[in-house]
Amino acid sequence: MKTEITKLLGIEYPIIQGGMAWVAEYHLAAAVSEAGGLGIIGSGGAPASWVREQIKEVKKLTSKPFGVNLMLMNPEADEIAQVIAEEGVKVVTTGAGNPEKYMTLWKEADVKVIPVVASVALAKRMERCGADAVIAEGTESGGHIGETTTMALVPQVVDAIDIPVIAAGGIGDGRGVAAAFMLGAKAVQMGTRFVVAKESIVHSNYKQYVLKAKDIDTRVTGRTTGHPVRVIRNKQVKEYLRLEAEGATLEELEKLTLGGLRRAVVDGDMDTGSIMAGQIAGLVKEEQSCAEILKELTEQAQKLMKGNFFDE
Ligand code: TUI
């Protein structure tokens with residue numbers, strides 16, 4: 001499955017792991033990279049020192065390419081951008097903002113830059129300032145999201161720019177991978193499927209929530225605050241949405257979600273934790289190793305892409 005993206009990144013399969021805060025640490029990243037995809041260390045809200053440690057650890061487990069995701073709302077984003085350049089990381093993905101101010105630093109350090117975009121406008125801007133590719137992420141995704149669906153966003157971004165496009169949001173199996181290619185993507189990024197990977201250090205309570213989730217079980221909190229976040233519904237989400245509908249202030253709402261992702265991922269607190277996952281959670285039914293996931297995805301996608309869609 002060679003594409004512009006596999007060649008650009010020096011990987012075997014056009015599959016990239018999402019840069020999920022708290023979830024995308026070095027064990028998971030190394031497992032995805034070793035299996036032939038691109039593993040990613042997710043900075044989330046972590047300090048720069050943590051990111052540097054993670055990079056050193058992943059290098060001990062794999063000699064294959066891996067990337068780092070810089071979550072741009074991180075208070076230490078400037079320092080992390082520097083760490084990425086200093087540690088010789090080959091690929092950076094960014095989320096939740098515009099990474100323009102780091103472009104020169106990264107280009108000079110020979111880092112491939114792949115921003116996540118949720119609009120055509122940002123995709124065009126990223127191409128102009130020297131991005132190597134973009135990830136067009138639809139609203140089906142877990143965590144911090146944009147407005148437009150993957151189905152609508154990906155072809156519009158593909159038409160608007162000349163650099164390769166990676167599709168993300170709502171992709172959970174080989175059918176999703178094949179569909180993304182039909183829309184013009186040259187690779188996919190997946191998060192939720194990797195949350196429940198065997199190598200994922202996520203608390204087993206969290207994995208069970210994803211495995212048991214149905215199609216209609218995610219909710220979007222924070223639509224009124226300007227920070228929409230998709231999570232699996234639980235007690236806390238019900239309370240949040242009730243307060244939000246009543247017009248609660250940003251401070252009141254943030255009190256509920258502060259530290260919520262850590263509580264869910266690390267402590268397995270399913271009542272007050274933020275269980276971030278995409279709409280595809282309902283499709284994910286099994287805990288598998290990253291190697292099994294990549295094998296299944298690529299075999300299924302390749303078979304589908306040979307055609308035979310119509311009756312005689
Ligand atoms: O970044 C993500 N997903 C995330 S980040 C995250 S950490 C977090 N934790 C607690 C609360 C909130 C966040 C969890 N999930 N995905 C990439 C992404 N980027 N999705 C959408 C965007 C985006 C949206 C608007 C990127 C740029 C943008 O506009 C920037 C601009 O300046 O125009």
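Just so it is clear, the values below take in all heavy atoms, side chains as well, and ignore hydrogens, waters and symmetry mates.
Counting only distance, with no hydrogens or angles, the side chain of Lys101 and the backbone of Asn98 share no donor-acceptor pair below 3.5 Å. Listed for the Glu25 side chain is a donor-acceptor partner under 3.5 Å among the backbone atoms of Leu28. One N or O on the side chain of Thr192 and one on the backbone of Gly278 form a donor-acceptor pair closer than 3.5 Å. Judged purely by atom type and a 3.5 angstrom limit, Gln156 uses its side chain to pair as donor or acceptor with the backbone of Ala152. Not a single donor-acceptor pair under 3.5 Å links the side chain of Asn69 to the backbone N or O of Gly42. Of the possible donor and acceptor atoms, one in the side chain of Glu244 sits under 3.5 Å from a partner among the backbone N and O of Thr224. Judged purely by atom type and a 3.5 angstrom limit, Thr150 uses its side chain to pair as donor or acceptor with the backbone of Ala168. For the pair Ser141 (side chain) and Glu137 (backbone), a donor-acceptor distance under 3.5 Å is absent. Side-chain atoms of Glu199 come within 3.5 Å of backbone N or O of Cys290 as a donor-acceptor pair. Under a 3.5 Å cut-off, the side chain of Arg175 and the backbone N or O of Gly172 do not form any donor-acceptor pair.
Here the straight-line distance linking atom OG of Ser200 with atom OH of Tyr206 works out to 9.0 Å at 0.5 Å rounding. For the atom pair Thr272 OG1 and Arg263 CZ, the distance stands at 3.5 Å (nearest 0.5 Å). To the nearest 0.5 Å, the span separating CD1 on Ile41 from NE2 on His27 amounts to 10.5 Å. How far OG of Ser43 is from CG of Asn74: 5.0 Å, rounded to the nearest 0.5 Å. We find the CD-CG distance between Glu252 and Leu243 to be 7.0 Å, quoted to the nearest 0.5 Å. If you take OG1 on Thr3 and CG on Leu9, they are separated by 8.0 Å, rounding to the nearest 0.5 Å.
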Please determine whether side chain to side chain donor-acceptor pair (under 3.5 Å) holds for the pair Gln288 and Glu296, giving the CA-CA distance in whole Å, both sets of side-chain angles, and the decisive distance to 0.1 Å. CA-CA 10 Å; Gln288 293 168 300; Glu296 195 175 293; 2.9 Å; yes
Run the side chain to side chain donor-acceptor pair (under 3.5 Å) check on Glu147 and Thr139 step by step: do they pass? CA-CA 5 Å; Glu147 273 292 331; Thr139 196; over 6 Å; no
Between Arg193 and Leu297, is a side-chain contact (heavy atoms from CB on, under 4.5 Å) present by the stated rule, with each step listed? CA-CA 11 Å; Arg193 180 93 186 249; Leu297 288 170; 3.7 Å; yes
CA sep, side-chain torsions, deciding dist, call: Ile16, Val188, side-chain contact (heavy atoms from CB on, under 4.5 Å): CA-CA 6 Å; Ile16 297 174; Val188 301; over 6 Å; no
Go through the steps to decide whether Glu140 and Ile280 satisfy the test side-chain contact (heavy atoms from CB on, under 4.5 Å), and finish with yes or no. CA-CA 7 Å; Glu140 298 92 322; Ile280 205 67; over 6 Å; no
Let's go through Phe66 and Ile55 carefully: what are the C-alpha distance in whole Å and the side-chain angles of both, what is the deciding distance for side-chain contact (heavy atoms from CB on, under 4.5 Å) to 0.1 Å, and is it a yes or a no? CA-CA 9 Å; Phe66 66 90; Ile55 294 169; 4.0 Å; yes
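Following chains of ILVMFWY side-chain contacts shorter than 4.5 Å, one can reach Val266 starting from Met276, so the two form part of one hydrophobic cluster. Tracing side-chain contacts under 4.5 Å through hydrophobic residues (I, L, V, M, F, W, Y), one reaches Val23 starting from Val231; they form part of the same cluster. Under the 4.5 Å side-chain heavy-atom criterion for Ile, Leu, Val, Met, Phe, Trp and Tyr, Val237 and Val229 are members of the same hydrophobic cluster. In the hydrophobic cluster analysis, where Ile, Leu, Val, Met, Phe, Trp and Tyr join through side-chain heavy atoms closer than 4.5 angstrom, Val265 is grouped apart from Tyr26. Both Trp50 and Val58 are part of a single hydrophobic cluster, where members link through side-chain heavy atoms under 4.5 Å apart.
No side-chain heavy atom of Met1 sits under 4.5 Å from any side-chain heavy atom of Thr6. In this structure the side chain of Ile166 never reaches within 4.5 angstrom of the side chain of Lys186, judged on heavy atoms. Annotation: side chain of Ile275 is in contact with side chain of Met270 (closest heavy-atom distance under 4.5 Å). Side chains of Tyr240 and Thr257 form a contact here, defined as non-hydrogen atoms less than 4.5 Å apart. Inter-residue side-chain proximity for Val113 and Lys107 is flagged as met; some heavy-atom pair is nearer than 4.5 Å. The shortest side-chain heavy-atom distance between Leu283 and Asp173 falls under the 4.5 Å cut-off. With contacts defined as side-chain heavy-atom distances shorter than 4.5 Å, the pair Leu304/Phe181 does not qualify. Contact check for Val51 versus Gln54: no side-chain heavy atoms found under the 4.5 Å cut-off.
Across all non-hydrogen atoms, the minimal contact from His203 to Asn205 is ND1-N, 3.0 Å. The shortest non-hydrogen separation linking Ser289 to Lys198 is N-CG, 3.8 Å. Contact between Ile171 and Gly176 at its shortest, heavy atoms only, is CG2-C, 3.7 Å. Gln17 approaches Gly39 most closely through the heavy-atom pair OE1-CA, 3.4 Å. Across every non-hydrogen atom of Ala118 and Thr148, the tightest pair is O-OG1, 4.4 Å. The shortest non-hydrogen separation linking Ala96 to His144 is CB-CD2, 3.7 Å.
Taking a 6.0 Å sphere around NZ of Lys59, one finds it holds more than 12 heavy atoms contributed by other residues, nucleotides or ligands. For Phe310, the CZ atom counts as loosely surrounded, since its 6.0 Å shell holds 12 or fewer non-hydrogen atoms of other residues, nucleotides or ligands. Summarising the local packing, NZ of Lys285 is surrounded by more than 12 heavy atoms from other residues, nucleotides or ligands at distances under 6.0 Å. Around CD of Glu86, the count of heavy atoms belonging to other residues, nucleotides or ligands within 6.0 Å exceeds 12.
Taking the charged nitrogens against the carboxylate oxygens, Asp132 and Lys112 have no contact shorter than 4.0 Å, which rules out a salt bridge. Between Lys295 and Glu299 there is a salt bridge, since a side-chain N of the basic residue sits under 4.0 Å from a carboxylate O of the acidic one. Ion pairing between Lys56 and Glu87 holds under the 4.0 Å rule for side-chain N and carboxylate O. Residues Arg52 and Glu57 are not paired through a salt bridge, judged by the lack of any N-O separation under 4.0 Å between the basic side chain and the carboxylate. Ion pairing between a basic and an acidic side chain is recognised when a charged N comes within 4.0 Å of a carboxylate O; Glu287 and Lys207 show such pairing. A salt bridge between Arg242 and Glu239 is present, with a side-chain N of the basic residue lying under 4.0 Å from a carboxylate O of the acidic one. Of the charged side-chain nitrogens involved, none lies within less than 4.0 Å of a carboxylate oxygen, so that Asp110 and Lys90 do not count as a salt-bridged pair.
Side-chain contact of Gln236 with Asn234: a donor-acceptor pair under 3.5 Å is absent, judged by distance alone.
In this structure, Ile145 belongs to a hydrophobic cluster whose other members, linked by side-chain heavy atoms under 4.5 Å apart, are Val220. Clustering of Ile, Leu, Val, Met, Phe, Trp and Tyr side chains at separations under 4.5 Å places Val134 together with Val117, Val120, Leu122, Met126, Met151, Leu153, Val154, Val157, Val158, Ile161, Ile163, Val165, Leu183.
Identified under the ring pair (Phe, Tyr, Trp, His ring centres under 6.0 Å) test for residues 102-143, with sequence neighbours left out: Tyr102-Trp106.
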